[in-house]
Amino acid sequence: MAMAGKVQKMQVKKKTAPAAKPKSGPVPTAAPYWLMKSEPDVFSWEMLVARGAKGEPWTGVRNYLARNHMRAMKLGDLGFFYHSNIGKEIVGVLQVVKTAYPEPTDTTGTWECVDVVAVQPLPNPITLAAVKADGKLAKMALVTSMRLSVQPVTVHEWAHVCELGGLDPKSLKGKPASKAEAVEKTKA
DNA sequence: GCCAACGTTGGC
DNA sequence: GCCAACGTTGGC
């Protein structure tokens, strides 16, 4: 299993979690799109691309809000892949291919993960600085909730980032969760 | 390496 | 259930 962020390095705490059912938490209103962060030296976009159609379990999330966002994800949902710490830029588009399920290594029954695959790289990666400097993006959770590792993205933000990044959102829309072939092409 | 932001923990 | 102390994230 791979790491999807610095949080992955954390020990799994033996917290005395009430034996809450994994499904019992609040489920926020589903956002149209998402953004998921990872430190590229731990788990990078290139590594996700290399996983191909198998994708990767997005493990290591140890924040309730981030977990709840993963719970709200639907099969086929799209999200941005953001490189934190190194690069600090949005580098690609990923897709949810398996909805939230208990994280196998978590013995507390508290944490969950989703499986994602790489869909397309952003021809022009969008840096955090560019996001902050753009009036249409300055309110993104990426800016306002800096430390949240899994966050919602609005339709407007999605469209604007895609435009700036050189991606036609329509080329992603409605793609089946089997678009890993596109990934294979981007590797060549 | 520093430190601001902020989520979590634990004393009361 | 409040809130101070503590720990972590992540930009700079």
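Just so you know, these numbers come straight off a predicted model, no measurement behind them. First the proteins, then the strands, lettered A, B, ... as listed; each starts at 1.
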(message) Is there a salt bridge (charged side-chain N to carboxylate O under 4.0 Å, His left out) between A:K136 and A:E157? Walk through the geometry before answering.
(response) CA-CA 7 Å; A:K136 293 179 180 172; A:E157 292 161 353; over 6 Å; no
(message) Run the salt bridge (charged side-chain N to carboxylate O under 4.0 Å, His left out) test on A:R62 and A:E103 for me, step by step, so that the C-alpha distance in whole Å, both residues' side-chain angles and the decisive distance to 0.1 Å come before the verdict.
(response) CA-CA 11 Å; A:R62 294 296 182 270; A:E103 200 182 292; 3.0 Å; yes
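The A:R147 side chain lies nearest to B:dC6 when the options are B:dC6, C:dC12, C:dG10.
With hydrogens and angles disregarded, no donor-acceptor distance shorter than 3.5 Å links the side chain of A:R67 to the backbone of A:C113.
Overall bending of the helix from B:dG1-C:dC12 to B:dC12-C:dG1, expressed as the angle between end axes built from five pairs apiece, is 10° (10° steps).
Atom CG of A:L148 is separated from atom P of B:dA4 by 22 Å (rounded to the nearest Å). The distance between atom CD1 of A:I90 and atom P of C:dG11, rounded to the nearest whole Å, is 12 Å. Counting to the nearest Å, the P atom of B:dA5 and the CG atom of A:L65 are 19 Å from each other. One atom, CG of A:N63, and another, P of C:dT9, lie 10 Å apart when rounded to the nearest Å. Across the protein-nucleic acid pair, A:R62 atom CZ and B:dT9 atom P stand 12 Å apart, rounded to whole Å. Rounded to whole angstrom, the span from the CG atom of A:L142 across to the P atom of C:dT9 amounts to 17 Å. Rounded to whole angstrom, the span from the CG atom of A:L128 across to the C1' atom of C:dT9 amounts to 14 Å. Atom CG in A:N85 sits roughly 17 Å away from atom P in B:dC3 (whole-Å rounding).
A:D115 and A:W58 form no side-chain donor-acceptor contact under 3.5 Å, judged by distance and modelled atom types alone.
The aromatic rings of A:W45 and A:F81 stand perpendicular to each other, their planes meeting at an angle above 60°, with 30° marking the opposite boundary.
Contact between the side-chain N/O atoms of A:Y82 and the OP1/OP2 oxygens of C:dG11 is found at a separation under 4.0 Å. Phosphate proximity of C:dG10 to A:K88: absent, as no side-chain N or O sits under 4.0 Å from OP1 or OP2.
Considering CG of A:L35 and NE2 of A:H69, their distance stands at 11.5 Å, rounded to 0.5 Å. In this structure, A:S171 OG and A:Q120 CD are separated by 5.0 Å, a value rounded to the nearest 0.5 Å.
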